[in-house]
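So you know, we letter chains A, B, ... as the sequences are listed, proteins then strands, and number each from 1.
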Amino acid sequence: MSKSKLLEKNFIQKIIEEDKSSNKWDGRVHTRFPPEPNGYLHIGHAKSICLNFGIAEKNNGQCNLRFDDTNPLKEESEYVKSIIEDVKWLGFSWYGQPFFASDYFEQMYEYAIKLIRKGKAYVCDQSNEEIRNCRGTLKNPGQNSPNRDRSIKDNLLLFKRMKAGEFDNGAKTLRAKIDMSHPNLNMRDPVIYRILHAEHHRTGNKWCIYPMYDWAHGLEDSIENITHSICTLEFEDHRPLYDWYLAELGVYHPQQIEFARLNINYTVVSKRKLKKLVDSKIVDGWDDPRMPTISGLRRRGYTPSSIREFSKNVGVTKRNSVIDVVRLENSLREELNKTAPRVLCVIDPIKIIITNLPEDHEELMQALNNPEDPNSGKRELLFTRELYIEKSDFMEDPPRKFFRLAPGREVRLRYAYFITCNDIIKNKEGEIKEIHCTYDPKSRGGKSPDGRKVKGTLHWVSASNVINAQVKIYERLFDKEEPEKEENLFDALNPDSCQIFKDSKLEKSLQNATNQTYQFERLGYFKKDSKLSHKEKNIYIRVVSLRDSWAKINKR
RNA sequence: UGGGGCGUAGUAUAAUGGUAGUACACCUGGUUUUGGUCCAGGCAGUUGGGGUUCGAAUCCCUGCGCCCCAGCCA
C-alpha cells in the first residue's frame with residue numbers, strides 16, 4: 001500500500017491538484033475514456049482506463065465511458081459490447097450510461113453551421129488528392145483552396161446539400177478557415193466534415209456526412225462537461241486545433257493533457273496489428289490467451305487487480321518508454337502466490353515404480369493447500385506403487401547442479417517419501433519407459449529420522465488416482481523484443497508460443513475444480529480454459545510460470 | 001531553427017535550488033519439503049559543454065540524441 005502510494009502522484013495528478021486549489025473547474029474533476037469501437041481493448045487501453053477512472057476516483061470526480069464512433073467504415077457494435085464488458089471487468093464504473101459521439105451528431109452539425117456563419121469554415125470542392133497537394137510539406141507552406149473565399153451564404157447552402165446527400169463520397173468537404181501556411185500542419189484548413197455514404201452502427205443511414213476527430217472530440221468533451229481530457233502524446237500537435245475550435249465556438253473548454261502510451265517489450269499494442277493477427281488466424285481470436293487484449297488476458301487468467309496494480313506501477317509521464325513484460329507477469333504472480341491453492345500435477349509424465357512396495361499398496365499423505373495461507377487447510381494425496389513424475393525431473397546423465405532424480409540419486413517426493421533410483425527400463429527404441437526406485441519407509445512425510453538431506457523435491461501423482469488432461473503452455477507470442485519495429489510483423493512471431501501436452505496427469509482433487517487458478521507446484525499457475533473445456537475434456541492453460549532459477553542456471 | 005514533445009542506473013519511475021531514492025532486472029548469501037515464497041546484501045544513474053549559486057537533475061546559454069506530425073483515420 002505504502003509502496004504504491006509513493007507512485008501515485010504523477011504529473012497529471014499534480015495538475016489536478018493545482019486546478020483544485022485555484023478552483024479552476026469549481027473543484028470538479030471529470031475525465032473520460034473515449035475508445036473508438038473499431039477493435040478490442042488491450043493492455044495499453046487498460047493503462048488509460050486506470051488513469052482516467054483512477055484520477056476521477058481519487059479526486060472524488062467522475063469518469064465517462066464514451067464511444068468515439070465518428071467513422072462508420074470501421075466501427076461495429078460487437079466492439080462496443082466487448083469494450084463495455086472489459087471496462088466493467090477491470091472494475092470501474094462510469095458516470096451514467098455509456099455515451100456515444102454519434103448521439104451528438106445533430107449538435108455538432110449545428111456548431112458547424114455556427115462556424116460557417118462566423119466565416120471560419122467553408123465548403124471545399126477539392127478532391128482528396130488536391131487537398132493533399134495543396135497542404136504543403138513539413139517545411140513549405142500550403143496553398144489556399146480556390147473555394148476558400150466562398151460566401152457564407154453559399155457555404156451554408158452547400159453544407160446543407162452535403163448533409164442532404166446531394167454529393168458523392170469525397171466530392172466536397174467542410175473545412176476550417178485557419179491558415180494554409182501555419183507551421184503546424186493540423187492548422188492548415190483542416191477538414192471538419194467529410195461525405196461518407198455509409199451505414200453507421202447506431203445512426204444507420206441518417207447521416208452521410210461525418211465529423212472528423214478534431215472537430216468531434218473537443219465538442220464531445222465540451223458537451224459532457226469534461227474538465228481534463230487526457231490523451232496520448234501523438235495528439236499534442238492537435239491541441240492547438242482542439243483549442244481553436246472550442247475558442248471560436250465560444251463554448252465550454254476542457255483542458256487537453258497528453259501522456260505517453262504504454263509500450264511493452266515482446267508484445268504489440270496496436271489495434272491494427274492485433275487485428276491482423278486475428279484476421280490471419282495466427283491466433284484463436286481476439287481473446288486468444290496469448291493476446292495482450294483485455295479479453296485475452298482475462299481468458300489467460302489475469303486478474304483485474306493485477307492489471308490495475310501493473311498500470312499504477314508503470315507510472316504516467318510524457319516520455320516514450322518500453323516496459324519489461326515481466327513486470328506484468330510479476331504483478332500477477334504476486335497476487336496468485338497469495339491466493340492460488342496448490343496441487344501436484346504432472347504435465348509431461350514418466351512412470352516410476354516403487355519396487356519395494358506391494359502392488360496394492362495405498363496410503364494417504366497429507367498436503368498443505370497453500371503454505372502462504374495457514375487458513376487454507378490440508379488435503380490428502382494417494383501414494384501407490386506406480387507413480388508419475390515429470391520427465392524433465394529425471395536425467396540419465398545429469399550435470400553437476402541437477403538436484404533431481406538420476407541413477408543412484410535420492411530425492412524427496414513432496415509430502416511423501418524419499419526414493420532412490422535403481423534401474424531404468426527402456427524400449428527397443430532406447431526410450432525410457434519406466435524408472436524403478438525404492439523408497440525409504442522411514443522417510444514418511446518427507447523427513448528422514450537420520451537427518452539425511454536430499455536436495456531435490458519432486459511433484460508426483462499416483463498412476464491409479466489421476467485425472468487426464470490436456471495442458472497448454474503458452475510462451476510469448478513474439479520472440480523479438482520490439483516486434484512493432486519489424487518490417488513484417490509475422491517475422492517477429494515466436495514459432496513455439498503454444499506447446500500442447502496431451503497426456504497430463506492431474507491430482508485427483510481437481511475433479512471438483514472450479515474456474516479458479518491453481519498453482520501446479522513447481523510448474524506455475526494454471527486454470528481451466530473455460531472456452532474450450534467441457535465435461536469430457538479437461539483443458540488447462542498455464543496462466544504464468546513460476547520464477548525458475550533452475551532454467552536460468554541451465555541456460556548458462 | 002518547419003512545428004510539437006522528451007532526455008535520471010540495464011528497464012521504468014521519484015527527488016519546492018539542499019544526502020540522487022524506489023521498483024523490476026542482474027549478482028551474492030541466508031531460510032525453505034515448491035530450484036517457488038520470504039529475508040539480507042551487492043552492482044549500477046542525472047545527454048555533452050559552459051554559466052548563475054555557498055549549493056544545480058532542477059535555473060540560464062549552447063550543443064547532442066530520441067519520438068511525433070504532410071488521412072476526407074482516431
Looking at the side chain of A:D548, which of B:rG35, B:rA15, B:rC26 is the nearest nucleotide? B:rG35
Within the structure shown, what part of the strands sits under 4.0 Å from A:K14 by heavy-atom distance: base, sugar-phosphate, or nothing? sugar-phosphate
Under the side chain to side chain contact (heavy atoms under 4.5 Å, CB included) test against A:F67, which residue among A:S102, A:S77, A:P35 passes? A:P35
From the set B:rA12, B:rG5, B:rU34, return the single nucleotide nearest to any side-chain atom of A:K318. B:rG5
How should the glycosidic conformation of B:rG63 be described, syn or anti, under the criterion that syn lies within 90° of 0? anti
Could you tell me how far B:rA14 sits from B:rG49 if I compare only their P atoms? Round to whole Å. 25 Å
How many Å lie between CD on A:Q13 and P on B:rU13, as a whole number? 18 Å
Rounding to the closest angstrom, what is the interatomic distance between B:rU46 and B:rA15 at atom C1'? 11 Å
Given protein heavy atoms under 4.0 Å, the one-letter contact record of nucleotides 69-74 of chain B, with B base, S sugar-phosphate only and - none, is simply BBSBSB
Nearest heavy-atom pair of A:N184 and A:D237: which atoms, and what distance? ND2-O, 2.9 Å
Separation of the P atoms in B:rC72 and B:rG50, to the nearest angstrom: 48 Å
Among B:rA12, B:rU34, B:rG35, find the nucleotide with the atom closest to the side chain of A:Q519. B:rU34
Side chains of A:R308 and A:T303: any donor to acceptor distance under 3.5 Å? no
